[in-house]
Trainee: 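If you scroll down you'll find the structure; I have some questions about it.
Sequential numbering from 1 along the given sequence is applied to the chain's residues. This is a predicted model, so every value here is computed, not measured. Hydrogens, waters and symmetry mates play no part in the numbers below; they use all other heavy atoms, side chains included. Counting starts at 1 for both ligands and their atoms, following the listed order.
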Amino acid sequence: MNVPLLDLKVQFEAIRDEIMVNLMTAIDSQRFIMGDVVGELECAIAGLCRVAEAVACASGTDALLLSLKTAIQPGDEVITTPFTFFATAGAIVNAGGRPVFVDIEPATFNIDMDQVEAAITDRTRAIVPVHLFGQMASMERLAALAERHGLAVIEDAAQAIGARRQIDGQWRMPGELGTTATFSFFPSKNLGGWGDGGMIVTNDSARADRLRRLRAHGGAKQYQHEEVGTNSRLDTIQAAVLKAKLPHLAAWNAARRANAAHYEAELDGCADLVTPITDPANEHTYHQYTIRADRRDALVAALKADGIGCAVYYPKPLHLQPCFAHLGYRIGRFPEAERAAREVVSLPVYPELTPTARDAVVKAIRRFAQ
Ligand SMILES: *Cc1c(COP(=O)(O)O)cnc(C)c1O
C-alpha cells in the first residue's frame with residue numbers, strides 16, 4: 001500500500017464547497033489586494049491566539065523578517081536554534097542581524113533554555129525560539145529571561161498554529177508571551193493556503209501598526225512613507241481559502257494527535273526507535289510526527305521501498321550550512337542538533353490518514369525493526 005507523507009487532495013474533497021463559496025465571494029468582489037476577508041482572517045487568528053492584533057503578510061518567512069525589523073538594528077545578535085527550517089536564521093540575516101546558535105534539548109528538539117542565557121552578550125537584542133514540529137518551547141522561561149535582559153522574543157510558530165502550553169495553570173498560545181509570534185500558511189502546514197502566506201500575532205498594538213506599515217512600503221497613508229517597508233501582503237484569494245479552512249483546524253490538530261497516539265502505542269518497544277516526546281505542559285499539534293532511529297538512512301530506504309512516504313526534517317543543522325561558515329561554528333559544536341540531524345525521520349501523520357494506511361506505516365516500521 002502506498003501512503004503519502006501528506007495528502008492535500010483528500011482534505012480538499014472534504015471541504016471543497018466551503019472553500020469554493022468563500023473563493024467565489026472573493027472573486028466576485030474583484031478586490032484582490034486587501035479585500036475584506038483579509039481583515040476577517042486577521043480577526044479570527046487573533047481570536048484563536050487570544051491576542052489583540054494579527055497582521056497578515058506574504059509568507060512565514062516575511063512574518064519573521066518584518067517582526068525582526070521591528071525588534072533589532074543592523075549588527076545586533078539574535079539567539080536561535082540550529083535545528084529548524086532555514087527561514088528562521090535566513091530572516092535574522094535579512095533583517096541585518098547576526099544569528100547566534102545554541103543547542104537543542106534532545107527530548108523536544110526545541111532550543112535548550114539552559115544554554116540561552118549563557119549566549120546572551122551586550123549585543124544581543126532578540127531570541128527566536130522555534131516551536132518545532134508543533135510543540136511549544138518553554139515560553140515561561142524565555143519570557144522571564146527576555147524580561148531580565150530587555151530582549152525581544154519572536155516566536156517562530158510556523159509549525160505550531162493551534163498549539164498551546166499550560167503555564168501556571170493557564171493555557172497559553174503562541175504570541176501571548178512573546179513579543180510577536182509568526183505563522184506560515186505554506187500549503188503543507190497545519191493550516192495551509194493555496195500558495196504562500198503568513199501572519200504575525202502580537203499583543204503590542206503600536207508594533208502591529210508598524211508591521212502594517214512595513215508590509216505596505218512603510219506608509220500608513222498612500223504616497224506618504226514614514227520608513228522604507230516592502231510589499232508583503234496576504235492575497236485576498238489566499239485569505240478566502242484560509243478563512244474557510246480555519247474552523248476545521250482544531251479537529252485536524254486533534255486527528256493528528258490521535259494518529260500520534262496510535263503510533264506511540266504501536267511502535268512502543270521497537271528496537272532502536274524513539275517515538276516523539278511531548279513536554280507534559282504542551283498540547284502538541286504534530287505538524288510532523290518525528291521519530292529517531294539509530295539506522296535512520298536504512299529505515300528511510302526500507303519505507304520508500306514499501307511505498308511509505310517519509311522525510312528527514314532536517315538533514316543538516318544550520319550552523320554547518322555553507323552560508324554561515326563565516327560565523328565560525330565547527331562540527332561538534334552543537335552535538336544534540338547534529339545527532340538529531342542524523343537520527344530523525346518524519347512519518348505520515350496528516351489528519352485524513354486512514355486506519356488502514358496508518359497500519360501499513362506501522363507494519364513497514366516493525367518489519368524493519370525486527
Ligand atoms: C515553513 C517554515 C517557515 C517559513 O514559512 P514560509 O511560509 O515557507 O516562508 C519558517 N520557519 C519554520 C520553522 C517553518 O517550518
Trainee: With sequence neighbours left out, what residues match H131 under ring pair (Phe, Tyr, Trp, His ring centres under 6.0 Å)?
Mentor: none
Trainee: Taking the six-membered ring for Trp, are Y289 and Y263 parallel (under 30°), tilted (30 to 60°) or perpendicular (over 60°)?
Mentor: tilted
Trainee: In terms of side-chain geometry, is the basic nitrogen of E227 or R210 positioned less than 4.0 Å from the acidic oxygen of its partner?
Mentor: yes
Trainee: Compute the centroid of each ring, for F86 and then for F324, and state whether the two points are separated by less than 6.0 Å.
Mentor: yes
Trainee: Dump the pairs for me: ligand 1 N or O, protein N or O, distance under 3.5 Å, to 0.1 Å.
Mentor:
{"unit_1": "ligand 1", "atom_1": "5 (O)", "unit_2": "S184", "atom_2": "OG", "d": "3.3"}
{"unit_1": "ligand 1", "atom_1": "7 (O)", "unit_2": "G60", "atom_2": "N", "d": "2.8"}
{"unit_1": "ligand 1", "atom_1": "7 (O)", "unit_2": "S184", "atom_2": "OG", "d": "2.6"}
{"unit_1": "ligand 1", "atom_1": "9 (O)", "unit_2": "G60", "atom_2": "N", "d": "3.4"}
{"unit_1": "ligand 1", "atom_1": "9 (O)", "unit_2": "T61", "atom_2": "N", "d": "2.8"}
{"unit_1": "ligand 1", "atom_1": "9 (O)", "unit_2": "T61", "atom_2": "OG1", "d": "2.5"}
{"unit_1": "ligand 1", "atom_1": "11 (N)", "unit_2": "D156", "atom_2": "OD1", "d": "3.3"}
{"unit_1": "ligand 1", "atom_1": "11 (N)", "unit_2": "D156", "atom_2": "OD2", "d": "2.8"}
{"unit_1": "ligand 1", "atom_1": "15 (O)", "unit_2": "Q159", "atom_2": "NE2", "d": "2.8"}
{"unit_1": "ligand 1", "atom_1": "15 (O)", "unit_2": "K189", "atom_2": "NZ", "d": "3.1"}

Trainee: Taking 4.0 angstrom as the limit, do R215 and D62 come out as a salt bridge?
Mentor: no
Trainee: Out of the candidates I154, T61, T230, T182, only one should pair with L66 under the side chain to side chain contact (heavy atoms under 4.5 Å, CB included) rule; please name it.
Mentor: T230
